[in-house]
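Not measured: the values here are computed from a predicted model. Residues take their numbers from the sequence shown, with the count starting at 1.
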Amino acid sequence: MASLQARTGREKQRYEGQLRLVAGCIPYRLEQNVEVCYSNSENKLLVLMISSPNRKDLVFPKGGWEEDENMHDAACREALEEAGVKGILSENPLGFWVFRSKSRQNNCNLEGGCKGFMFALKVTEELDSWPEQALHERKWLTIEEAFKFCRYDWMRDALNIFLTTFSKEKPIGMREESVELPIRPLSDAGDECQMASSGYFGKPSTVQHLQNTSCKCIVQG
């Protein structure tokens, strides 16, 4: 099996006006609560976050959405590259957030702005090695711990929406396909780290199979 490699460079990066488009996810799993394993079934919700060199706070896996992939492909790829996990991706994003990197304001484009779409990813597989393992250590956390360690306020917003959505959802069907979502125009970029939208803004228009089988995921719908 060929070794997995992370994508580098910005040649294929998607932009919407002055904003660099980003896709990411909140990986999660349900772990049986040992204290109640002999009574009624009860699971503990854990989310996966990753570290960065020389930082004590944590982030969720995310990165640039490129021209040769759809939004779901990008979110799955970033989860694989940065956190070494695969799983079942939610069909609809939790929302999108317009923000500027405080530590690297010129890293996205000349304006330093990003528009990030975040999904929920039910983890079904953890790899022993992954492309950016030397840069990111993965940590499974309770929701309370995750709120404490989130590096950015907008990630706390995403986590809050994830928690609200998760508590309301019922088991639904799955399919091994990826849904391509069109890029929608954004009227106002907003301020740094300001949440632009907390809801999904449209129905998926087309369905296609994932192009990269090395980071294949199942889209939940």
Side-chain angles (χ1 to χ4, degrees), residues 1-8 22-33 43-53 55 57-66 69-95 97 116-152 154-156 158-163 165-166 169 171-172 174-179 209-221:
M1 180 183 296
S3 60
L4 298 173
Q5 293 184 348
R7 291 193 180 194
T8 59
V22 170
C25 65
I26 298 179
Y28 72 95
R29 74 183 184 195
L30 290 173
E31 185 175 85
Q32 186 175 25
N33 192 332
N43 294 320
K44 178 169 62 176
L45 177 62
L46 301 177
V47 296
L48 182 66
M49 302 190 76
I50 56 175
S51 63
S52 300
R55 297 291 298 254
D57 47 15
L58 304 173
V59 296
F60 295 112
K62 65 176 179 60
W65 172 15
E66 300 190 350
E69 60 187 355
N70 62 43
M71 193 187 303
H72 288 86
D73 294 341
C76 290
R77 175 176 56 77
E78 291 296 334
L80 177 65
E81 291 180 356
E82 294 189 346
V85 294
K86 302 179 183 181
I88 303 170
L89 193 74
S90 61
E91 181 176 2
N92 297 338
L94 298 168
W97 287 262
F117 297 82
M118 296 295 290
F119 295 82
L121 178 75
K122 183 178 181 180
V123 174
T124 58
E125 182 179 358
E126 292 183 57
L127 304 182
D128 293 330
S129 61
W130 60 97
E132 297 185 17
Q133 186 173 5
L135 299 175
H136 304 295
E137 179 183 352
R138 60 191 179 199
K139 297 178 181 293
W140 284 103
L141 305 170
T142 64
I143 296 298
E144 292 78 11
E145 292 170 333
F147 274 113
K148 177 181 177 181
F149 284 103
C150 273
R151 181 174 304 169
Y152 305 114
W154 72 265
M155 286 190 175
R156 292 187 182 89
L159 182 58
N160 193 40
I161 292 173
F162 161 76
L163 186 59
T165 303
F166 183 86
E169 282 188 349
I172 49 182
M174 306 169 188
R175 65 173 183 275
E176 292 191 69
E177 294 177 335
S178 181
V179 181
H209 289 283
L210 289 175
Q211 300 168 346
N212 188 347
T213 56
S214 65
C215 59
K216 184 176 181 182
C217 69
I218 301 173
V219 176
Q220 180 172 287

- Note on the structure: Applying side chain to side chain contact (heavy atoms under 4.5 Å, CB included) to Glu125 and not counting sequence neighbours gives Lys86, Leu127

- To the nearest 0.5 angstrom, please state how far the OG1 atom of Thr142 sits from the CZ atom of Phe147. 10.5 Å

- Message: Using only atom types and a distance under 3.5 Å, with no angle test, would you say the side chain of His136 pairs donor to acceptor with the backbone of Ser51?
- Response: yes

- Query: How many angstroms lie between atom CG of Leu135 and atom CD of Glu81, to the nearest 0.5 angstrom?
  - Reply: 11.0 Å

- Item | Distance-minimising heavy-atom pair for Ala146 and Leu159 | CB-CD2, 3.6 Å

- Note on the structure: Those residues at least two apart in sequence (or on a different chain) that pass side chain to side chain contact (heavy atoms under 4.5 Å, CB included) with Lys139 are Leu58, Glu137, Leu141

- Message: Under a 3.5 Å distance rule, please check whether Glu82 uses its side chain to pair with a backbone N or O of Lys62 as donor and acceptor.
- Response: yes

- Leu45: partners by side chain to side chain contact (heavy atoms under 4.5 Å, CB included), with sequence neighbours left out: Tyr28, Leu30, Ile143, Phe162, Leu163, Phe166

- Of Leu94, Ile161, Leu121, the one forming a side-chain contact (heavy atoms from CB on, under 4.5 Å) with Ile26 is Leu94

- Query: Which atom names give the shortest non-hydrogen contact between Leu89 and Cys25, and what distance separates them?
  - Reply: CD1-CB, 4.3 Å

- Note on the structure: In this structure, CD of Glu145 is separated from CE of Met49 (nearest 0.5 Å) by 11.0 Å

- Item | Shortest non-hydrogen separation from Pro27 to Phe60 and the atoms involved | CD-CD2, 4.3 Å

- Item | Listed partners of Arg138 passing salt bridge (Lys or Arg N to Asp or Glu O under 4.0 Å), at least two apart | Glu126

- Item | Residues that Thr124 engages under side chain to side chain contact (heavy atoms under 4.5 Å, CB included), provided they are two or more places apart | Ile88

- Say whether, by atom type as modelled, one donor and one acceptor occur between the side chain of Arg29 and the main chain of Leu46 under 3.5 angstrom. no

- Item | Residues which pass side-chain hydrogen bond (donor to acceptor under 3.5 Å, both in side chains) with Asp57, listed by chain and number, not counting sequence neighbours | Arg55, Arg151

- Note on the structure: Note: Ala23 and Ala75 closest approach over all heavy atoms is CB-N, 3.8 Å

- Query: Which word best sums up how the rings of His72 and Phe119 line up, parallel for under 30°, tilted for 30 to 60°, or perpendicular for over 60°?
  - Reply: tilted

- Message: Treating Trp65 as the side-chain partner and Glu69 as the backbone partner, does any N or O pair qualify as donor plus acceptor under 3.5 Å?
- Response: yes

- Message: Looking at every heavy atom in both Pro61 and Ile50, which two are closest together, and how far apart are they?
- Response: CA-CD1, 4.0 Å

